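Below you'll find the structure, written out as structure tokens, and then a few comments.
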Amino acid sequence: MKEKVPFLSSYKATQSRARVQCSLSDPQLVSGALIDVAKHLGNLSFRVWEKMKDKVHFSPVILDPNTAYCWLYLSDDLTSVRQGDTKQQLPDNPERHTKYPTVLGSEGFSSGKHSWEVEVGDHPVWDVGLAKESVDRKGKRFASPEYGIWCLRLDRGKYTNGLGKTVTVKKSLQRIRVQLDYDRGEVSFYDPEDMTHIFTHRDTFTEKLFPYFCVVNAGDAKTADIKMCQSEISL
């Protein structure tokens, strides 16, 4: 029993110190010590969009690779097309053009007003316009309304309207604005630099129309790709 007395005395002293330590007050947090949750999470989706909007672009026309001629190469984002030097091994699906270097837009129109701009630069030969859904994709045809194509054509410095008629322009066109008013039966072309009217096809549309592009090899021209002009995004 005597040998337990020192232990008991030590235990009481330890217990007394523990009481003193436990009686100390909790530390006080200083201002700003916590994460500012409101700052990081408030309006999060808007601020993410605000940072991304300068990097994100919208194209009113997306090209359909399933309609593209085997010598045509489309950009990864499907907004530009050029004729390459190598024939691609592509499936001969019903939608694909196999006779001419043609590609269509992915979305067709059967009503309303629609417009888009195409950058052609100094590319020497191209057709830009619209084609009806049932246009012949495998056989011989001409880029004219008779065959269901309403377009503006450039062929080695000469602009024509698809009907063999020369179209007069003030200067070489770097961009083309295509404007469709389906209900009024109008396909119009403009120089978007000053919105000078080039000419208008007038017809009666009875089926869906798709953006139409015919592109040959650019040769020595600086502009190899025919590109869709992207639109600015505004809140």
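Because the structure is predicted, anything quoted here is derived from the model rather than measured. This chain uses plain numbering: 1 for the first residue, then up along the sequence. Values below: all heavy atoms of this structure, side chains included; hydrogens, waters and symmetry mates excluded.
- Here the side chains of Tyr73 and Val81 are not in contact, with every heavy-atom distance at 4.5 Å or above.
- Other residues, nucleotides and ligands place no more than 12 heavy atoms under 6.0 Å from the NZ atom of Lys140.
- For the atom pair SG of Cys214 and CD1 of Ile149, the computed distance is 8.0 Å after rounding to the nearest 0.5 Å.
- Judged by distance alone, the side chain of Asp191 and the main-chain N or O of Met195 form no donor-acceptor pair under 3.5 Å.
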Self-check item: Verdict with reasoning, Tyr69 to Tyr100, per ring pair (Phe, Tyr, Trp, His ring centres under 6.0 Å)
Solution: CA-CA 7 Å; Tyr69 183 62; Tyr100 300 100; 8.2 Å; no
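- Closest approach of Tyr182 to Lys208, counting heavy atoms only: OH-N, 4.4 Å.
- The CG atom of Leu180 lies 9.0 Å from the OG atom of Ser188; values are rounded to the nearest 0.5 Å.
- Looking at Thr160, its side chain never comes within 3.5 Å of a backbone N or O of Gly164 through a donor-acceptor pair.
- Side-chain contact of Ser134 with Glu207: a donor-acceptor pair under 3.5 Å is present, judged by distance alone.
- A heavy-atom distance below 4.5 Å is not found between the side chains of Leu152 and Asp127.
- Taking all atoms of both residues into account, the shortest heavy-atom contact from Val125 to Arg156 is CG2-NH1, 3.9 Å.
- Trp116 and Val187 fall within a single hydrophobic cluster, where Ile, Leu, Val, Met, Phe, Trp and Tyr are joined by side-chain heavy atoms under 4.5 Å apart, directly or via other members.
- Heavy-atom minimum distance, Cys229 versus Pro60: O-CD, 3.7 Å.
- Transitive grouping of hydrophobic side chains (ILVMFWY, heavy atoms separated by less than 4.5 Å) brings Leu209 and Phe199 into a common cluster.
- In this structure, Arg96 contributes its side chain and Pro65 its backbone to a donor-acceptor pair below 3.5 Å.
- Distance check: Asp183 CG to Ser111 OG gives 6.0 Å after rounding to the nearest 0.5 Å.
- Trp150 pairs with exactly one of Phe205, Phe210, Tyr212 by the ring pair (Phe, Tyr, Trp, His ring centres under 6.0 Å) rule, that one being Phe205.
- When hydrophobic clusters are built by joining Ile, Leu, Val, Met, Phe, Trp and Tyr residues whose side-chain heavy atoms come closer than 4.5 Å, directly or via intermediates, Val135 is not grouped with Phe109.
- The heavy-atom pair separating Asn93 from Lys138 by the smallest distance is O-NZ, 2.8 Å.
- Leu154 places none of its side-chain heavy atoms less than 4.5 Å from the side chain of Leu173.
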Practice problem: Decide side chain to side chain contact (heavy atoms under 4.5 Å, CB included) for Val128 and Arg153; before the verdict, give the C-alpha distance in whole Å, the side-chain angles of both, and the deciding distance to 0.1 Å. | Solution: CA-CA 7 Å; Val128 171; Arg153 161 175 286 188; over 6 Å; no
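- Of the possible polar contacts, one joining the Arg137 side chain to the Glu95 backbone as a donor-acceptor pair under 3.5 Å is found.
- Interatomic distance, OG of Ser106 versus CG of Leu78, reported as 8.0 Å (0.5 Å rounding).
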Practice problem: Apply the test side chain to side chain contact (heavy atoms under 4.5 Å, CB included) to residues Val167 and Phe189: give CA-CA distance (whole Å), side-chain angles for both, the deciding distance (0.1 Å), then the verdict. | Solution: CA-CA 11 Å; Val167 176; Phe189 300 89; over 6 Å; no
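- Although no hydrogens or angles enter the test, the distance criterion places no donor-acceptor pair under 3.5 Å between the side chain of Asp225 and the main chain of Lys227.
- In this structure the side chain of His123 reaches within 4.5 angstrom of the side chain of Val215, judged on heavy atoms.
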Quiz prompt | Worked check of side chain to side chain contact (heavy atoms under 4.5 Å, CB included) between Thr102 and Thr67 | solution = CA-CA 8 Å; Thr102 299; Thr67 68; over 6 Å; no
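- No side-chain heavy atom of Ser59 sits under 4.5 Å from any side-chain heavy atom of Asp77.
- Rounding to the nearest 0.5 Å places CG of Asp181 at 11.0 Å from OG of Ser115.
- Side-chain atoms of Trp71 and Arg82, non-hydrogen and from C-beta on, never get closer than 4.5 Å to each other.
- Atom CG of Leu163 is separated from atom NE2 of His201 by 5.5 Å, given to the nearest 0.5 angstrom.
- In this structure a side-chain-to-backbone donor-acceptor pair under 3.5 Å is present from Asp136 to Gly139.
- At most 12 heavy atoms of other shown residues, nucleotides or ligands fall within 6.0 angstrom of atom CG in Asn43.
- Put simply, the side chain of Val169 reaches to within 4.5 Å of the side chain of Ile198, judged on heavy atoms.
- By the 6.0 Å contact criterion, NZ on Lys113 is open, its count of non-hydrogen atoms from other residues, nucleotides or ligands being 12 or less.
- Checking side-chain atoms of Gln83 against main-chain N and O of Leu72 turns up no donor-acceptor pair under 3.5 Å.
- The closest donor-acceptor contact from the side chain of Lys170 to the backbone of Thr196 lies at 3.5 Å or more, if one exists at all.
- A salt bridge does not link Glu146 with Arg141: none of the charged nitrogens is closer than 4.0 Å to a carboxylate oxygen.
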Quiz item: Please walk me through it: do Tyr147 and Phe142 pass ring pair (Phe, Tyr, Trp, His ring centres under 6.0 Å)?
Solution: CA-CA 6 Å; Tyr147 291 86; Phe142 296 100; 5.7 Å; yes
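- The hydrophobic cluster containing Phe213 also contains Val120, counting ILVMFWY residues as joined when their side-chain heavy atoms lie under 4.5 angstrom apart, directly or transitively.
- Between Thr166 and Lys158 the shortest side-chain heavy-atom distance falls below 4.5 Å.
- The closest side-chain donor-acceptor pair between His197 and Arg177, if any, does not fall under 3.5 angstrom.
- Scanning all heavy atoms of the two residues, the minimum distance from Ala68 to Leu74 falls at CB-CD1, 4.0 Å.
- Of all the heavy atoms in Asp203 and Pro145, the pair that sits closest is OD2-CB, 3.9 Å.
- Counting only distance, with no hydrogens or angles, the side chain of Asp64 and the backbone of Leu104 share no donor-acceptor pair below 3.5 Å.
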Quiz item: Could you go step by step and tell me if Gln230 and Phe58 meet the side chain to side chain contact (heavy atoms under 4.5 Å, CB included) rule?
Solution: CA-CA 5 Å; Gln230 297 176 335; Phe58 169 75; over 6 Å; no
